[in-house]
Amino acid sequence: MTAYKSDFLNVLAERGFIHQVSEPDALDQIARSKTITAYIGFDCTAASLHIGSLLPIMMLHWLQRTGHQPIALMGGGTTRVGDPSGKDESRRILTDEMIGENLKGIRAIFDKFLKFEGAGGNALMANNADWLNSLNYIDFLRDVGRHFSVNRMLSFDSVKMRLERQQELSFMILQAYDFVELNKRTGCVLQMGGSDQWGNIVSGIDLGRRMSNAQLFALTAPLITTSSGAKMGKTAAGAVWLNADLVSPYDYWQYWRNTEDGDVARFLKLFTVLPLDEIGRLAALQGSEINEAKKVLATEATAMVHGRAAADAAADTSRRTFEEGTHAENLPTVEISGAELANIGVLTAFVRAGLVSSTGEARRQIKGGGLKVNDATVTDEKMVLTAAALTADGIIKLSLGKKRHVLLKPA
RNA sequence: GGGAGAGUGUCCCGAGUGGCAAAGGGGGCGGACUGUAAAUCCGCUGCUUAUGGCUUCGUAGGUUCGAGUCCUACCUCUCCCA
């Protein structure tokens, strides 16, 4: 179905990663004849990345697999400015120490997907703070700013420029500059990103042509939503993070296990590295058999992030919990002191386990019959847990609904 | 610079013009049905030490027994004219 000649573009196209490409033929040609270097920018406002970032990460993964060089660019410099595109809240400005901490957490994730230099690969991790922090404002205006004409700037937004707009504009210029700088430093010729990044990437291409007569390319991925139209990876409860200390491998596995039928094939292509014919076989499963495909999806996707062993353990725990009804000791566990356990109200216990966010919510869930202690529905909100509630294994199993379980263990 | 309008339950949208913990959606969570799916139906969706107490309608003051609602100032956003 695709006419690409290079492995790289072929794989991305077949698996559904491509939304737009600038000058596809020229890029295809280059990717076939030599190793190209490409980058994707990541924001480091948090200590982890969530599922929303998974798609770009997979693009870098395939880039490396098909023989090219990926660069993960951390926005250490731009984060110091704060991102003006989000509304008020995300505009917080972080200190250098916080950014440094975040970078460490994020780096750990990339290590699972890319082989960096020193670990037998050629992937690079760059930080735009390296060049942005030392920029001289006057020089920058002279060398870079002049390429952004007033006309062009006006075409982006309203005539009236508020302070805020100026910051937003600067942000765009800085992102464009990143591309040019990376091109100069590493020979990087391709920037990838989500479809919302198209404008910024193209600005970078433009700037590259003006400043150093470089031929640069853009490739964007489609915005991934579930079949029901929801954005991925964000629930009211919180984002689905990739770091194990924020979202356990078990919960991560469960997230994928609960994928809607209509998304299974697409997600297998995007978020696992299974061969396409294998995916085709799984996608052909009908009715309840598609659950087998979901399990494969969950295990493979979890293995990418948390490793094969953790994925298998999560699959095993799930099987025992859901299919055999026994409780496996691998469920998420919350430790609680013996003194506290001696006399704790159910409401508090569920809050401590993190299954509900307040005692008020616990109360409501009890009214709706949604809470269970050791598989027995809680009917009395004044119920008190004591050591007598411990099962033979010395734990108490708390459940919210049918799917979410936490073990309470005396410390 | 001049003119018009808007900011509501800390997920989003959005009614509300003196009695309000505040209509209605979406989303989310729980229940039923299923296949740990979707669709559908039902319940819930400020906090709490709970027949009570406390905190919420951009921010700060004011009027009033009582303010999301009226008055004043300020902040932010959108649109129109320069």
Side-chain angles (χ1 to χ4, degrees), chain A residues 50 52 84-92 154 157-168 225-240 250-268 282-283 285-299 301-302 314-328 331 343-348 350-351 353-373 375 377-382 384 398-406:
Chain A
H50 52 77
S85 63
K87 296 263 171 177
D88 13 321
E89 279 181 53
S90 57
R91 198 185 296 148
R92 46 191 183 161
L154 294 187
D157 237 303
S158 70
V159 181
K160 198 172 193 173
M161 300 276 171
R162 295 166 200 280
L163 190 68
E164 170 134 336
R165 291 249 169 269
Q166 284 174 15
Q167 193 191 30
E168 193 159 333
T225 54
T226 66
S227 294
S228 356
K231 261 193 216 162
M232 283 205 60
K234 287 248 169 118
T235 64
V240 181
Y250 170 77
D251 285 332
Y252 192 78
W253 193 94
Q254 283 295 325
Y255 175 82
W256 292 105
R257 171 65 244 260
N258 287 315
T259 299
E260 294 172 29
D261 286 8
D263 292 327
V264 174
R266 198 158 49 106
F267 287 1
L268 279 167
L282 291 169
L285 296 172
Q286 290 299 314
S288 62
E289 295 202 329
I290 201 165
N291 281 324
E292 292 311 311
K294 290 185 189 179
K295 287 178 202 167
V296 173
L297 169 64
T299 304
T302 305
D316 189 55
T317 301
S318 302
R319 187 177 53 76
R320 285 204 264 171
T321 305
F322 287 97
E323 294 173 26
E324 295 175 12
T326 59
H327 49 76
L331 287 169
N343 198 356
I344 186 171
V346 254
L347 301 176
T348 321
F350 275 92
V351 174
L355 286 170
V356 295
S357 59
S358 68
T359 60
E361 187 185 341
R363 250 178 260 268
R364 280 179 233 120
Q365 291 293 7
I366 287 173
K367 246 180 245 163
L371 297 189
K372 293 193 192 114
V373 173
D375 298 316
T377 305
V378 179
T379 50
D380 178 12
E381 63 180 49
K382 294 214 172 71
V384 172
L398 301 181
S399 311
L400 168 64
K402 279 179 284 202
K403 298 185 191 173
R404 304 179 55 201
H405 311 280
V406 167

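Chain letters run A, B, ... following the sequence lines, proteins first and then strands; every chain starts at 1.
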Measure from the side chain of A:Phe322, starting at C-beta and using heavy atoms only, and say which of B:G30, B:A37, B:U36 lies closest. B:U36
Let's see if you can work this out: which of B:G35, B:A37, B:G30 has an atom nearest to the side-chain heavy atoms of A:Ser288? B:G35
Please enumerate all residues that pass side-chain contact (heavy atoms from CB on, under 4.5 Å) together with A:Val373, with sequence neighbours excluded. A:Val346, A:Phe350, A:Val378, A:Met383, A:Leu385, A:Ile396, A:Leu398
Go ahead and name the base partner of B:U76; Watson-Crick or wobble counts if both distances stay under 3.5 Å, otherwise write none. B:A6
Looking at every strand, decide which applies to A:Gln254 at a 4.0 Å heavy-atom threshold: base, sugar-phosphate, or nothing. base
Results of side-chain contact (heavy atoms from CB on, under 4.5 Å) for A:Ala298 - residues two or more places apart only: A:Trp253, A:Trp256, A:Arg257
If you check every side-chain atom of A:Gln365, which of B:A37, B:G30, B:G35 has the closest atom? B:G30
Choose from B:C29, B:A32, B:U36 the nucleotide whose nearest atom is closest to any side-chain atom of A:Lys402. B:A32
For B:C70, which nucleotide is its Watson-Crick or G-U wobble mate, given both distances must be under 3.5 Å? B:G62
For A:Ile366 and A:Leu371, the nearest pair of non-hydrogen atoms, with its separation, is CG1-CD1, 3.5 Å
Restricting to side-chain hydrogen bond (donor to acceptor under 3.5 Å, both in side chains), what partner residues turn up for A:Lys402, sequence neighbours left out? none
List every contact pair, protein side and nucleotides 51-53 of chain B side both N or O, where the distance is under 3.5 Å.
none

What pairs with A:Thr259 under side-chain hydrogen bond (donor to acceptor under 3.5 Å, both in side chains), at least two apart in sequence or on another chain? none
Pairing partner (Watson-Crick or G-U wobble, both distances under 3.5 angstrom) of B:C41: B:G31
Just to verify, what does A:Glu289 make a side-chain hydrogen bond (donor to acceptor under 3.5 Å, both in side chains) with, not counting sequence neighbours? none
Identify all pairs in which a protein N or O lies below 3.5 Å from an N or O of nucleotides 45-47 of chain B, and state each distance.
| from | atom 1 | to | atom 2 | distance (Å) |
| --- | --- | --- | --- | --- |
| B:C47 | OP1 | A:Ser358 | OG | 3.2 |
| B:C47 | OP2 | A:Arg364 | NH2 | 2.4 |

Just to verify, what does A:Thr348 make a side-chain contact (heavy atoms from CB on, under 4.5 Å) with, not counting sequence neighbours? A:Ile344, A:Arg352
State the pairing partner of B:U56; accept Watson-Crick or G-U wobble contacts with both distances under 3.5 Å, and report none otherwise. none
Distance, C1' atom - from B:C20 to B:G46, rounded to whole angstrom: 13 Å
Within residues 290-298 of chain A, which residues have any heavy atom lying less than 4.0 Å from an atom of RNA chain B? A:Ile290, A:Asn291, A:Lys294
Could I get the full list of side-chain hydrogen bond (donor to acceptor under 3.5 Å, both in side chains) partners for A:Ser318, not counting sequence neighbours? A:Gln254
Sequence neighbours left out, what pairs pass side-chain hydrogen bond (donor to acceptor under 3.5 Å, both in side chains) with at least one residue falling in residues 363-373 of chain A? A:Arg363-A:Glu381
Nearest to the A:Arg363 side chain among B:U49, B:A37, B:U36, which nucleotide is it? B:U49
